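None of the values given here were measured: they were computed from a predicted structure.
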Amino acid sequence: MGINFRTSVRAGPLRFTLSKSGIGVSAGIPGLRVGAGPRGNYVRVGAGLVTYLASPATRRVSRYGTPPERTLPHGAAEVPLVDATGLSALELRPTGGDDVVRQLNEAARRTRWGWIAAVTAFVVGLAFLPCGLILWAIAVPSCWWLFLRDGLRKNVVLFYELQSGTAEWFERFALAWEQVSGSQEVWRTVQSGAVQTTYQHKTNAGVGSLVRRITARASTEVPKYLATNVEIPSLRAGTETLYFLPDRLLVRTGKQYSDIAYRHLRWRRTATRFVEQPGQVPSDTRLIDRTWQYVNVKGGPDRRFKNNPVLPVVQYGQLDLTAVQGLLWSVQASRVSAFDELCLELERRPS
């Protein structure tokens with residue numbers, strides 16, 4: 001489907017429009033004046049140059065590796081797991097080179113006074129009925145104005161103008177992202193641990209390492225608190241999300257944002273073997289082998305265990321995203337080729 005660049009975006013009651021003369025602002029409500037509004041940010045990317053202008057204003061426990069990985073069976077030998085998520089947006093130092101991250105964090109911290117005023121007016125009016133009807137009549141327009149003001153103050157406006165080479169690259173990147181979002185299942189590794197002893201190896205289906213995964217979701221969306229003219233490929237896992245903007249990787253943890261310039265980003269794609277639970281194999285994955293919950297030293301079934309189910313060995317695509325600043329994301333997709341085109345486009349990104 002590709003990426004659609006719009007020439008206008010809405011932030012609360014105002015519409016921001018990009019034209020040759022700059023960023024224009026119009027209000028759909030006559031007489032509305034709000035002093036504290038969002039900042040209009042304009043980014044031009046292309047020809048080896050990035051120009052930035054701002055106008056004032058469900059868990060799953062699994063194991064993987066080579067040897068393969070699988071879901072942790074009950075009663076298996078304990079393998080210590082360590083964190084595999086790197087730094088969060090609260091700890092990452094922004095490297096985008098502008099103050100968009102600061103604006104987003106300020107917008108996220110602002111209080112929504114409209115809801116507070118509406119709930120307060122309703123409770124007080126209810127307590128003093130029928131005189132409370134007068135309070136409600138006065139509160140309705142005031143709360144309405146506060147809702148509009150909150151919508152404006154809680155959004156940061158970011159316009160992108162991409163030169164031909166960068167626009168074509170981002171279009172190809174969005175098409176490559178459809179391979180990821182089209183996968184039946186996507187996960188992020190949050191903990192990992194190496195299988196070290198022979199006993200651990202034999203009681204953990206013969207895998208080389210264990211991981212704890214959480215379900216992730218790949219889609220195309222606009223980050224919260226950001227009003228922009230382009231939809232952004234995003235990867236959400238738990239409370240953390242990555243947004244692949246045209247000029248940077250935006251990192252979100254809860255309401256906190258940070259960013260990583262693409263020049264600092266490192267990526268690696270691999271095909272990993274994974275031991276799954278019976279009945280949990282995604283339909284778009286590749287079944288390559290089988291193993292048993294308990295194995296002997298040669299890899300065959302351990303005959304000492306009467307209840308020793310056969311487990312499927314599948315092949316998943318894996319993407320590792322890292323940065324020296326502390327970013328660490330390891331993602332698996334049920335479609336083994338999901339990240340192939342994506343990584344090629346990251347390598348082709350205009351400098």
Residue pair [X] / [Y]: nearest heavy atoms and the distance that separates them:
{"X": "Val222", "Y": "Leu226", "value": "CG1-O, 2.9 Å"}
{"X": "Thr95", "Y": "Ala261", "value": "OG1-N, 2.8 Å"}
{"X": "Ile138", "Y": "Ser142", "value": "O-OG, 3.3 Å"}
{"X": "Ser183", "Y": "Ala338", "value": "OG-CB, 3.5 Å"}
{"X": "Gln293", "Y": "Asn308", "value": "N-OD1, 3.2 Å"}
{"X": "Ala218", "Y": "Val180", "value": "CB-CG1, 3.8 Å"}

Identify whether the distance between the nearest side-chain nitrogen and carboxylate oxygen of [X] and [Y] falls below 4.0 Å.
{"X": "Glu341", "Y": "Arg172", "value": "no"}
{"X": "Arg286", "Y": "Glu276", "value": "no"}
{"X": "Arg102", "Y": "Glu106", "value": "yes"}

How many angstroms lie between [atom1] in [X] and [atom2] in [Y], if you round to the nearest 0.5 Å?
{"X": "Leu311", "Y": "Gln277", "atom1": "CG", "atom2": "CD", "answer": "6.0 Å"}
{"X": "Tyr294", "Y": "Asn307", "atom1": "OH", "atom2": "CG", "answer": "7.5 Å"}
{"X": "Leu319", "Y": "Leu235", "atom1": "CG", "atom2": "CG", "answer": "8.5 Å"}
{"X": "Ser88", "Y": "Leu327", "atom1": "OG", "atom2": "CG", "answer": "10.5 Å"}
{"X": "Thr228", "Y": "Asn155", "atom1": "OG1", "atom2": "CG", "answer": "11.5 Å"}
{"X": "Arg112", "Y": "Leu146", "atom1": "CZ", "atom2": "CG", "answer": "12.5 Å"}

Beyond-backbone contact of [X] with [Y], side-chain heavy atoms, under 4.5 angstrom:
{"X": "Pro312", "Y": "Arg290", "answer": "no"}
{"X": "Ser283", "Y": "Gln184", "answer": "yes"}
{"X": "Asp289", "Y": "Arg273", "answer": "yes"}

Can [Y] be reached from [X] by stepping across I, L, V, M, F, W or Y side chains whose heavy atoms are under 4.5 Å apart?
{"X": "Leu158", "Y": "Leu162", "answer": "yes"}
{"X": "Phe122", "Y": "Leu129", "answer": "yes"}
{"X": "Val336", "Y": "Trp177", "answer": "no"}
{"X": "Leu92", "Y": "Trp267", "answer": "yes"}
{"X": "Tyr243", "Y": "Val331", "answer": "yes"}

Q: Test Gln315 against Thr272 for side-chain hydrogen bond (donor to acceptor under 3.5 Å, both in side chains), laying out the working first.
A: CA-CA 6 Å; Gln315 193 172 43; Thr272 181; over 6 Å; no
Q | Worked check of side-chain hydrogen bond (donor to acceptor under 3.5 Å, both in side chains) between Asn105 and Tyr225 | A | CA-CA 9 Å; Asn105 290 331; Tyr225 312 116; over 6 Å; no
**Q.** Partner of Leu242 under side-chain contact (heavy atoms from CB on, under 4.5 Å), chosen from Ile232, Leu321, Leu250
**A.**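 Exactly one candidate clears the test, Leu321.
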For the pair [X] (side chain) and [Y] (backbone), establish whether a donor and an acceptor sit closer than 3.5 Å, ignoring hydrogens and angles.
{"X": "Lys154", "Y": "Arg110", "value": "yes"}
{"X": "Asn229", "Y": "Phe159", "value": "no"}
{"X": "Thr241", "Y": "Ala237", "value": "no"}
{"X": "Gln200", "Y": "Gln196", "value": "yes"}
{"X": "Glu231", "Y": "Glu221", "value": "no"}
{"X": "Trp169", "Y": "Glu345", "value": "yes"}
{"X": "Arg263", "Y": "Ile260", "value": "no"}
{"X": "Asp302", "Y": "Phe305", "value": "no"}
{"X": "Ser334", "Y": "Glu185", "value": "yes"}
{"X": "Asp259", "Y": "Arg248", "value": "no"}

Q.
Quick one, Tyr316 with Trp187, criterion ring-ring contact (aromatic ring centres under 6.0 Å, His included). Give me CA distance, side-chain angles, the key distance, then yes/no.
A. CA-CA 10 Å; Tyr316 291 152; Trp187 305 271; 4.8 Å; yes
Q: Evaluate the side-chain contact (heavy atoms from CB on, under 4.5 Å) criterion for residues Leu245 and Phe170: first the C-alpha distance (whole Å), next the side-chain angles of each, then the deciding distance (0.1 Å), finally the verdict.
A: CA-CA 9 Å; Leu245 274 62; Phe170 197 60; over 6 Å; no
Q) Between Arg304 and Asn296, does a side-chain contact (heavy atoms from CB on, under 4.5 Å) hold up when you go through it step by step? A) CA-CA 10 Å; Arg304 296 175 300 172; Asn296 55 37; over 6 Å; no
(Q) side-chain hydrogen bond (donor to acceptor under 3.5 Å, both in side chains), that's the test. Do Ser234 and Ser219 meet it? Break it down for me. (A) CA-CA 5 Å; Ser234 65; Ser219 62; 3.2 Å; yes
Q: List the steps and the verdict of ring-ring contact (aromatic ring centres under 6.0 Å, His included) for Trp113 and Phe147.
A: CA-CA 7 Å; Trp113 293 107; Phe147 276 118; over 10 Å; no
Might you confirm whether atom [atom1] of [X] has over 12 heavy atoms from other residues, nucleotides or ligands at distances under 6.0 Å?
{"X": "Arg349", "atom1": "CZ", "result": "yes"}
{"X": "Tyr262", "atom1": "OH", "result": "yes"}
{"X": "Ile134", "atom1": "CD1", "result": "no"}
{"X": "Phe128", "atom1": "CZ", "result": "no"}

Q: List the steps, then state whether side-chain contact (heavy atoms from CB on, under 4.5 Å) holds for Phe173 with Leu346.
A: CA-CA 8 Å; Phe173 184 90; Leu346 284 172; 3.7 Å; yes
Q) Hey, which of Arg213, Arg212, Gln332, Gln318 is the one that makes side chain to side chain donor-acceptor pair (under 3.5 Å) with Thr189? A)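 It is Gln332; the other options fail the test.
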**Q.** Test side-chain contact (heavy atoms from CB on, under 4.5 Å) applied to Ile116 and Thr111, step by step
**A.** CA-CA 9 Å; Ile116 296 177; Thr111 303; 3.5 Å; yes
Q. Can you name the side chain to side chain donor-acceptor pair (under 3.5 Å) partners of Arg268, sequence neighbours left out?
A.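 Result, side chain to side chain donor-acceptor pair (under 3.5 Å) vs Arg268: Asp320.
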Q.
Using the salt bridge (Lys or Arg N to Asp or Glu O under 4.0 Å) definition, which of the options Arg252, Arg188, Arg217, Lys255 pairs with Glu240?
A.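 Only one option passes, and that is Arg188.
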Q.
Checking Trp329 now: which residues fulfil ring pair (Phe, Tyr, Trp, His ring centres under 6.0 Å) with it, not counting sequence neighbours?
A.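 Testing Trp329 for ring pair (Phe, Tyr, Trp, His ring centres under 6.0 Å), a comparison that skips the adjacent residues, returns none.
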